Each structure stands twice: as C-alpha cells, then as structure tokens.
2 protein chains.
Amino acid sequence: MNLRDLRYLLAIAEHGHFGQAAEACGVSQPTLSVQVRKLEALLGVTLFERGGRGAVPTDACQRLIGHVRVAVAEADAILQTARSLRDPLAGRFRLGIIPTLAPYLLPLVFAPLREAMPALEIEPWEDQTASLLAGLREHALDAALLATEPDGPDLDHTCLFDEPFLAALPPEHRLACRDRIGEEDLASDILVLADGHCLREQALAVCGLSTALGGPLRASSLATLLNMVAAGYGTTLIPALASGPAEDAGIVLRPLVREASRTVRIVWRARFPRREAVEAVGRIVAQRLRGFAASGATGSSTKTGSSTKTGSSTKM
Amino acid sequence: MNLRDLRYLLAIAEHGHFGQAAEACGVSQPTLSVQVRKLEALLGVTLFERGGRGAVPTDACQRLIGHVRVAVAEADAILQTARSLRDPLAGRFRLGIIPTLAPYLLPLVFAPLREAMPALEIEPWEDQTASLLAGLREHALDAALLATEPDGPDLDHTCLFDEPFLAALPPEHRLACRDRIGEEDLASDILVLADGHCLREQALAVCGLSTALGGPLRASSLATLLNMVAAGYGTTLIPALASGPAEDAGIVLRPLVREASRTVRIVWRARFPRREAVEAVGRIVAQRLRGFAASGATGSSTKTGSSTKTGSSTKM
DNA sequence: TCGCCGCGATAGGCCCTGTCTATGCCCATA
DNA sequence: TATGGGCATAGACAGGGCCTATCGCGGCGA
C-alpha cells in the first residue's frame, strides 16, 4: 500500500470523478483507474461504484476513509515537521558544561547565543568531565564545554579560549603583598576541589604537586573553595572567569609567574549531524571571550592545539 | 514519501541497527541504507547517527517518529478494516421496502435473514416505490423490495415471489357469501390507498377501473384501509401477506376468479458491488415465501418474468 | 601493531511498476 | 441514431526499488 494511492483515493472521494481527481493530483485519468483498481484488489474491497455520472464511494470506502485521512494527514505532518527541523541552528541543543566553568561562563554567553540563534534552544547541563563525556557518547548531550582534551577518535573538539589561572589568597596571607605569585609557592597550603573536577588535577599539577596530595579538604564546588580561602584556611588556584565572585568574597587575586592557564574546548561526537550548531555555539563563545585571556582565543582550530604553550591541558 | 520507508525508519529506530532492521523487514541491508538516505534527503533532515555500534536516532528523528508511528498504524488499520469489510455478506445493508409489504413480510423473513447472515446488518427503510427508487439511485439504499418492475438500465432486479390479491369484504357484504369474487364485481364500492402506493394502481387496474377513479377515500396505509372495510365502508383488494391482520379485524377474505397477483422483486443498482448480498437476501426471502402463492415463486430469474401470467405487474 | 570482524555505504544490474498516450466500451442525452 | 462524457484497457517506456558483491572504516583481540 502506498501513500500516493491513498491520496488518489481521497481525491476521487472528494471530487466524485476520476478525471477531475486526476487533474487535481497532476496525473492522467488512466493512472487513477489503474492504481485504484490495484488498491481495491489489495484491500479486497470495492472502493467506488463507477457510474455514468462519476464515481460514488461505497459503504466500505466510507468506513475506511477516516483512517485514510489520518494516515495522509500524518504523512503531511511528517513533511511539515521535517521542514521546521531542517535548520541546524534550531531545536534543542543539549550542552554540557563543567562546574568550574558553568556559573561564570554561562552568564557571559547566554544572551549572545540567544541573540545570534534565537531558534536554538540551548539546554545547559552541569556535570563533571567524565559524566559529560559519557553523556556525549550515549547521545544524552549534543556537545560539551570542557577544560581537558577528550580522548578517543569518536569525539571531535575545537579550542575556544585560554583561561589563565590566578592565585587566590586570603588578604592577610604572607604572599598577598607580591604582585605575581610563583606557582610552587602555593604548594604549601593549597586547597583543592574534590575528585572528578578537572580543576583539581590541573591546580595540583601547576603547583608541581602529585594528584594524590592536596591536603585533607575536598571542596565540592568552587564557591565552597573560595569561601574557605576567604576564611583564611589556605590558598588556591582559580580560573580567571571566577575572579569576580572571588573578589566579592574579599579574596586577593594575583597573576602567576608562569601564567599557567587551561584551555576551554567545545567537544562533540565526530558523527553528530548538526555540526553547524556546534560550530556556531563555539564561535560565539570564543568571540565573547576574545581578548579575555592574555594569550587570546583561537576559536576554530579543530583537532589542533592539543597542548598550548602553558601546557595546562592535562588529560584526565 | 512512502509508507514502506516509514516502516524501515521505525524498524531501524527500534533495533538501533540497520542489519537487524533489514532482517526484520525482510529486505537486504543495502536496501535500508539507500531508502533511509533518500528519505533523509527528502526530509532534509538526518534521521540516524551512524556509528561503529549501530545507528542512533537523532533528535529530529525523535520528533518525527510519533507521526511516523501514527501514519503506519493508520495504514495497518486500513488493511485490518478492509479485511473485515471483505465479506460481502457482512456490514450495513440498507433495504427499502414498500409500505404495503414491509409490515407483513419483515416479520416472516427477518429471523431467517439474521440466521443465514448474522454479520449482515439489514437496515429496513419503509417508503413508497418512487422514493425507494430515488434512494437507490442516490446510493441511500443498497436494494429495495418492490411490487413493480423498475425502469431504466441502471437498475437490475430479480423476481422473488408472486403475491395473490384477495378480495376483502365486510362480513355483511352482499358478495361475502360467494367462494370466489369476480375482479369486476369489486369495482362498484372499492376503497383504495393514497397516491404513490403501487397497490393503489394495481387494485384499480385489476378491477378494470381507471387510475383517476377509486372513490373519495385515499387511505394512507393498508391498516387504515382494512379498518375502513371492517367498518363496512366498502371493499378492497389486499395482498395475501396481509390476510392475517385482515382476518383479525373481522374482514371476510375471498380468492379472486382470475387469481390476480403482484410480483415482489428485489431491485438494486446494476453497478452495486455487493451483488452477493443482494442475491443472498433475495434467495432467502424467496425461500421463506416458497409455496406461499398458488403460482409459486421462482426466486432467481433476473431480468426475466417481467410480466407474469396474471399480468398484474403494472408499471408505475 | 597487525589482521580480523562487524557495520554501514556504494556500485552495478535486473525487474517491477507507475505513468503516459491511444483507444475501447458503456451510457446518457439531444 | 449520433454524439459526447466517463471510466477501463492496452502497450510502451522510464524510473526506482531491490538484489549481490564489494568497499571503507572503526574496534578489538592476538
């Protein structure tokens, strides 16, 4: 059975006339005769009573025609819906973001994204790197903003911008008087995040500490960490986008001597079909952050720049 | 767009695997690859993200698949419904019957019809000959039981049985003492039905009277006519099937000298597709009435016997 | 690290079938 | 009886669906 034949059926039922229905369908009259006859043979039911004055639907046809109408209408709905789905910069876009980035980046880029792509419904999803990668691989996410280079050939990525690390000190800290802080000087009393946060590993590495170390504190969020520093429990490294809230908390921020940084990337499945959406999101984020970091953001060098000059893009 | 392609789409979405879906659909895997690709081109939307471990429906596919399911389900419903409509001895059967026949014939044949064809939903419709013929021609009726021969080549008919006329007399009538009544003897005080009833013309013709005559009374129903006769207002001719109610009303019934009768036929549109249903209904009615009339019923002589030996089948 | 395996895509050929034009048949009408 | 409208039929052609065979690619185990 064919949708085309069902459309023929509807046209004939509507016009009560093979010839007029054929014209309405844009085919010749014999075409309708043949096709309807085949449909009747398939169904085992006579659909029209042909007479001298056109064709009249039979009782059986009347009973079937409701289903026919619905089937054809749904087929049209498929075409219609597909048309609206055709724009890759429209529809749902599930974007994963790591917790040390989301609260500080999202307020900066959400409005520009909305303005540039009003039809793209971005659904942010905040979780740690490993969960986001798993979410990508099981199609729960369309893309993710990470600060590490993803593994495996099934994922592609583009570097968006470099985000410098800053030393975060209590105002009364002995290092607070310096203009720049040496990375190793923080090692003695550094506080870090809980396992799973990429920032934990990166901060420790920058200070030359082993991953296993880092003191007894395992802060579950950057906000907690900042509050601990503000309360004088120690120092930490924060990504530059978090500097606003840090200063609000009364923390002293200082640039690092070797200007360590992390590279923020957008990551997606290599086979994800809406590549345009990914690239547009990445482009707009990079644009908004351009000039933010000293090293600047490149923004569109897919599969390049796996390690920047600062070497902070440690794999997790 | 093709229903087959939509079934392919559903199979792939269900199995998450082109090969398994192909097997389920009974086609080869390349067939699905090609057809889905064409469907994607038609819709302008990527439906599946092909990966190393099968195929995953895209977001767009998820949005479309509801419509696809409905369309395919409706197509199946068409096939399913058609299967149940395939039996010509099932479904609605609108049967017109003239008023001088319906009240007396229906009680006799309804049970046998039901027993023989339990799936045939016979909807009786009582009206005068002209209305029934019009109803047939505008497809409001499927068949009709008439006592006249229909005109025009668009209608076919079969003679079912001959129904003798009987003289109906008040008990105190001067002719009541005779065993048989001469048709012309009724002419003096005969009462007849209103215009439009074929029995009116037939009764007048049998008595040798012009159609224009027949006295001032125009009874609107045979029951009224019988009550008028019973009350002594005159005589009339009744069809034999009405003899029971007539006798119940205290009327004297007598056979006619020339055994005038009318022929009951089943009439249908020559192009009506459910010929079997018509023939079965006619056969069962004839069977039930077999031996009822002295002359007997033939029951299946289509387009023959347009005039019986009694010559009572006057055209209207 | 190499080769195998699973999965989807591609190529080429066959056959079905949908469509056309031309024509026939039937019926209604003038 | 002739004519015209309406659907069915016939024959031919083209497009498309399906097949088998093969390729390309990525994953995985030896």
Side-chain angles (χ1 to χ4, degrees), chain A residues 1-9 11-42 46-58 61 137 150-156 269-273 303, chain B residues 1-9 11-42 46-58 61 136-138 150-156 269-273 303:
Chain A
M1 190 164 55
N2 197 314
L3 276 168
R4 184 179 6 86
D5 299 341
L6 298 185
R7 291 184 200 276
Y8 291 165
L9 188 159
I12 297 171
E14 183 183 344
H15 290 89
H17 192 289
F18 276 62
Q20 291 171 24
E23 194 176 3
C25 293
V27 296
S28 70
Q29 168 264 314
T31 298
L32 260 65
S33 276
V34 172
Q35 292 310 111
V36 167
R37 193 155 288 274
K38 287 166 74 169
L39 184 59
E40 288 178 327
L42 172 74
T46 302
L47 294 170
F48 296 99
E49 197 176 317
R50 287 82 157 167
R53 284 263 165 271
V56 179
T58 61
C61 184
R137 290 198 160 99
D151 55 334
D154 58 331
L155 297 179
D156 275 357
R269 290 187 303 283
R271 315 224 198 198
F272 182 62
K303 281 275 187 180
Chain B
M1 192 165 52
N2 197 314
L3 277 169
R4 184 181 4 89
D5 299 341
L6 299 184
R7 291 183 201 277
Y8 291 164
L9 188 159
I12 297 171
E14 182 184 346
H15 290 89
H17 191 289
F18 275 62
Q20 292 171 23
E23 195 176 0
C25 293
V27 296
S28 69
Q29 169 264 315
T31 297
L32 260 64
S33 276
V34 172
Q35 292 310 112
V36 168
R37 192 156 288 275
K38 285 166 76 171
L39 184 58
E40 288 178 327
L42 173 73
T46 302
L47 294 170
F48 296 98
E49 197 175 317
R50 286 84 156 165
R53 284 265 163 268
V56 180
T58 61
C61 183
L136 276 176
R137 289 196 161 99
E138 55 201 32
D151 55 333
D154 58 331
L155 297 179
D156 275 355
R269 290 187 303 282
R271 314 223 198 199
F272 181 62
K303 283 273 187 181

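Just so we're on the same page: letters track the sequence lines, and every chain starts at 1. Since the structure is predicted, the reported quantities are computational estimates derived from the model, not experimental observations.
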Could you give the side-chain donor-acceptor pairs of residues 49-56 of chain B under 3.5 Å, partners two or more places apart or in another chain?
| from | atom 1 | to | atom 2 | distance (Å) |
| --- | --- | --- | --- | --- |
| B:Glu49 | OE1 | A:Arg269 | NE | 3.3 |
| B:Glu49 | OE1 | A:Arg269 | NH2 | 2.8 |
| B:Glu49 | OE2 | A:Arg269 | NE | 2.5 |
| B:Arg50 | NH1 | B:Glu40 | OE1 | 3.3 |
| B:Arg50 | NH1 | B:Glu40 | OE2 | 2.8 |
| B:Arg50 | NH1 | B:Phe48 | O | 3.0 |
| B:Arg50 | NH2 | B:Glu40 | OE1 | 3.2 |

Return all side-chain donor-acceptor pairs below 3.5 angstrom for residues 17-24 of chain A, not counting sequence neighbours, or 'none' if the list is empty.
| from | atom 1 | to | atom 2 | distance (Å) |
| --- | --- | --- | --- | --- |
| A:His17 | ND1 | A:Gly19 | N | 3.1 |
| A:His17 | ND1 | A:Gln20 | N | 3.0 |

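As a whole-Å value, the separation of A:Asn2 CG from D:dG15 P is 18 Å. Per the geometry, CG belonging to B:Leu39 stands 13 Å off P belonging to C:dA9, to the nearest Å. Distance A:Glu49 CD to C:dC27 P: 13 Å, rounded to the nearest Å. Computed from coordinates, the B:Leu47 CG to C:dA9 P distance equals 12 Å when rounded to whole Å. We find that CG of B:Asp156 is positioned 10 Å from P of C:dC27, with the value rounded to whole Å. Atoms CD (B:Gln35) and P (D:dC19) sit 10 Å apart, rounded to a whole Å. A:Leu32 places its CG atom 13 Å from the C1' atom of C:dC20, with the value rounded to the nearest Å.
Residue B:Val34 is the one, among B:Val34 and A:Arg4, whose nearest nucleotide of DNA chain C lies closer to the 5' end (criterion: closest heavy atom).
A donor and an acceptor atom, one from each side chain of B:Thr31 and B:Gln35, are nowhere located under 3.5 Å apart.
Under the rule for a salt bridge (Lys or Arg N to Asp or Glu O under 4.0 Å), A:Arg271 has no partner lying at least two apart in sequence or in another chain. Every residue two or more places apart in sequence or in another chain was checked for a side-chain hydrogen bond (donor to acceptor under 3.5 Å, both in side chains) with B:Thr58, and none qualifies. In this structure, A:Thr46 has no side-chain hydrogen bond (donor to acceptor under 3.5 Å, both in side chains) partners at least two apart in sequence or on a different chain. Contacts of A:Arg37 classified as salt bridge (Lys or Arg N to Asp or Glu O under 4.0 Å), with partners at least two apart in sequence or in another chain: none. In this view, A:Asn2 and A:Arg4, A:Asp5, B:Asn2 satisfy the side-chain contact (heavy atoms from CB on, under 4.5 Å) rule, not counting sequence neighbours.
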Quick one: what's the B/S/- string for nucleotides 22-30 of chain D, heavy-atom cutoff under 4.0 Å, read 5' to 3'? ----SS---
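Taking side-chain N and O atoms only, A:Ser28 has no distance below 4.0 Å to OP1 or OP2 of C:dT19. Dashed line: the shortest gap from a side-chain N or O of A:Arg37 to OP1 or OP2 of D:dC7 is not under 4.0 Å. The side chain of A:Ser33 contributes an N or O atom lying less than 4.0 Å from OP1 or OP2 of D:dA8.
Non-hydrogen atoms lying under 4.0 Å from DNA chain D are contributed by nothing in residues 13-23 of chain B.
For the atom pair CG (A:Asp156) and CZ (A:Phe272), the distance works out to 12.5 Å, reported to the nearest 0.5 Å.
Nucleic acid contact class of A:Phe48 (heavy atoms, under 4.0 Å, all strands): none.
If you check C:dT10, D:dT9, D:dC7 against the side chain of A:Arg50, the one that comes closest is D:dC7.
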